[in-house]
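Read through the structure below, which is laid out as structure tokens, and then see the notes.
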Amino acid sequence: MVQRAVMRKVVRRIVPLLCLLYLVNYVDRVNIGFAGPNGMTDELGMSATVFGLASGIFFLGYLVLEVPSNLLLQRFGARRWLARIMASWGVLVCVIAFVPNQTTLVILRFLLGIAEAGFFPGVILYLTYWFPAAYRARMVALFMAAVPISTVLGSTLSSLIIQGLDGWLGLTGWRVMFLVEGVPALLLAVVTWFCLTDRPEQARWLSAQEREWLSGTLLTEQNSVHNRHQWSLRRALTHPRIIALAFVYFGIAYGLYALGFFLPTIVKGFAEQYATSYSTIQTGLITAVPYVFGALLMVPWARHGDRSGERVWHVAIPVVLGGLAIPVALYLGSPLATMIAVTVCAVGVCAALPTFWALPSEFLTGTAAAAGLALINSLGNISGFAAPYITGWLRDLTGTQNAGMWVVGACMLAGAVTVVLLGAAPKKTALTSTSTGS
């Protein structure tokens, strides 16, 4: 059957490279979480609040340039634009290895967000160029599996570098970590430039019949969506539904980033809370456990959503479970019980994200999709600033992580309620009367 043969070829050709890019991207985004409790905060004299600011200000850079970056990707093609993004962020990660003080670190983290703006929504948009709707959530899940996998590998790798290469080139371990982990992005920029294909029509690795089937299927589907909903660029940038979806993403990502940046610190805190002691490597391995389960469950959950055609509850149910689990995690009586609750939260986040990104493609196409996806991602990623900053501020204010975790749970539950109220897609009748306007 042509459909299965084409999809197998496309998956093998595109998805592994995209996963590798995102794996390196996410490691470089959150590796500050491992640097902090392993020498960086002491060496630079950082409070928990300043550490949260340095972690989260990355996402303000994202907010500034996310939409323009995605529109430029649509214009110049994913191959060139993603290669540019990776080269610039790789350089900046390497430069962070040499920061002299906390002010410079905050500035470089902000510039890193600007350099990386457009990567994630650009890939989500790129997947719509290659995969029909019936495959989209599971493909996003395969791509986003890089998040838990990067945490599993990144936590272990970062810990090994910090501990094993301390003193290399005269640098402390956390500085060596940034230097080493910035190099793969530079190498992958070259690979992307030469190996990524922008559109199915340009895929010489497909036969003429396969190119024709895939291009025709995607065009028919895109025309159908456009005829039903007819969203323009202006509407995609101003409609309340887009803002509401951004809020849903804010709630889900709040849990993701709070765990990503502060889980290593929480595990380090077990020493005081439960009279235990873990080495740097052990801390990295313990931190990886929740994401192992997240990686194992996110793809089957997304596949189930694709097969059933149901989207909303495939987002809401795991977010509710995660939001309920995380606030009680730090009140439990042992490290094991705490990590079980944290694992439930991580699984909920990982399961919800791929299906969430299938929701905008139910009614957005073309330039409206490029802008809408970027706007949802940029506004939602304000949580990347808010989560570490608020969590760090509450840690300084109260002396514990507990208040910050209650905020995480509240944001996740608010996102779940919002997605249920929104439903999967706007009604056609709500748009036809204004589709020729904004």
Side-chain angles (χ1 to χ4, degrees), residues 23-59 61 89-113 115-116 147 150-185 256-271 278-288 291 384-385 387-389 391-392 395-396 401:
L23 188 152
V24 173
N25 167 275
Y26 201 78
V27 168
D28 287 345
R29 182 185 298 185
V30 303
N31 55 10
I32 189 175
F34 299 99
N38 290 291
M40 185 181 72
T41 54
D42 291 337
E43 189 173 333
L44 300 182
M46 301 170 68
S47 67
T49 303
V50 174
F51 174 71
L53 174 63
S55 300
I57 200 169
F58 167 94
F59 297 96
W89 102 50
V91 168
L92 284 167
V93 171
C94 291
V95 171
I96 289 175
F98 304 98
V99 292
N101 51 56
Q102 56 186 261
T103 301
T104 305
L105 175 65
V106 170
I107 293 171
L108 286 174
R109 286 284 297 180
F110 177 75
L111 293 177
L112 184 64
E116 193 184 324
V147 173
S150 69
T151 305
V152 173
L153 297 179
S155 60
T156 306
L157 177 63
S158 297
S159 300
L160 288 171
I161 292 173
I162 290 171
Q163 184 167 304
L165 295 182
D166 185 38
W168 186 58
L169 300 177
L171 301 173
T172 49
W174 67 269
R175 293 181 182 273
V176 177
M177 180 198 72
F178 281 113
L179 186 61
V180 171
E181 291 181 354
V183 172
L256 176 68
Y257 292 124
L259 290 180
F261 288 121
F262 277 92
L263 185 54
T265 302
I266 291 172
V267 175
K268 280 279 188 179
F270 287 166
Y278 302 112
S279 68
T280 300
I281 293 176
Q282 287 174 326
T283 299
L285 292 172
I286 293 170
T287 301
Y291 299 96
F385 173 78
Y389 184 76
T391 303
R395 173 69 175 82
D396 283 340
Q401 299 285 358

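One is the number of the first residue; the rest follow in order along the sequence. As the structure is a prediction and not an experimental result, all values here were calculated from the model. Both backbone and side-chain heavy atoms feed into the values below; hydrogens, waters and symmetry mates do not.
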In a table with atom names and distances, give each donor-acceptor pair under 3.5 Å that connects a side chain of residues 176-183 to protein atoms at least two apart or in another chain.
unit_1	atom_1	unit_2	atom_2	d
E181	OE1	N31	ND2	2.9
E181	OE2	S158	OG	2.8

Task: Side chains of F98 and T104 in contact at under 4.5 Å (non-hydrogen atoms) - done: no

Open item on the list: Please report the interatomic distance CH2(W174) to CD1(I162), rounded to the nearest 0.5 Å.
Closed with: 10.0 Å

- [ ] Mind checking the CG-CG spacing from L112 to L105? Nearest 0.5 Å is all I need.
- [x] 10.5 Å

TODO: Could you note down all residue pairs passing salt bridge (Lys or Arg N to Asp or Glu O under 4.0 Å) where residues 155-177 supplies at least one of them, sequence neighbours left out?
DONE: E43-R175

Open item on the list: Nearest 0.5 Å, please: how far is CG in L108 from CD1 in I32?
Closed with: 10.5 Å

- [ ] State the CD1-CG distance between I107 and L92, to the nearest 0.5 angstrom.
- [x] 12.0 Å

TODO: Using modelled atom types only, decide if a donor and an acceptor are shared between the side chain of R109 and the backbone of A54 within a distance under 3.5 Å.
DONE: yes

- [ ] Please confirm whether the backbone N or O of M46 pairs with a side-chain atom of T41, one donor and one acceptor, at under 3.5 Å?
- [x] no

Open item on the list: For a quick test of reading the model, state the closest non-hydrogen atom pair linking Q102 to G45 and the distance between them.
Closed with: NE2-O, 2.9 Å

- [ ] Kindly give the heavy-atom pair with the smallest separation between D28 and W89, and that separation in Å.
- [x] OD2-NE1, 2.9 Å

TODO: Return the minimal non-hydrogen interatomic distance between G90 and A185, and the atom names on each side.
DONE: CA-CB, 3.8 Å

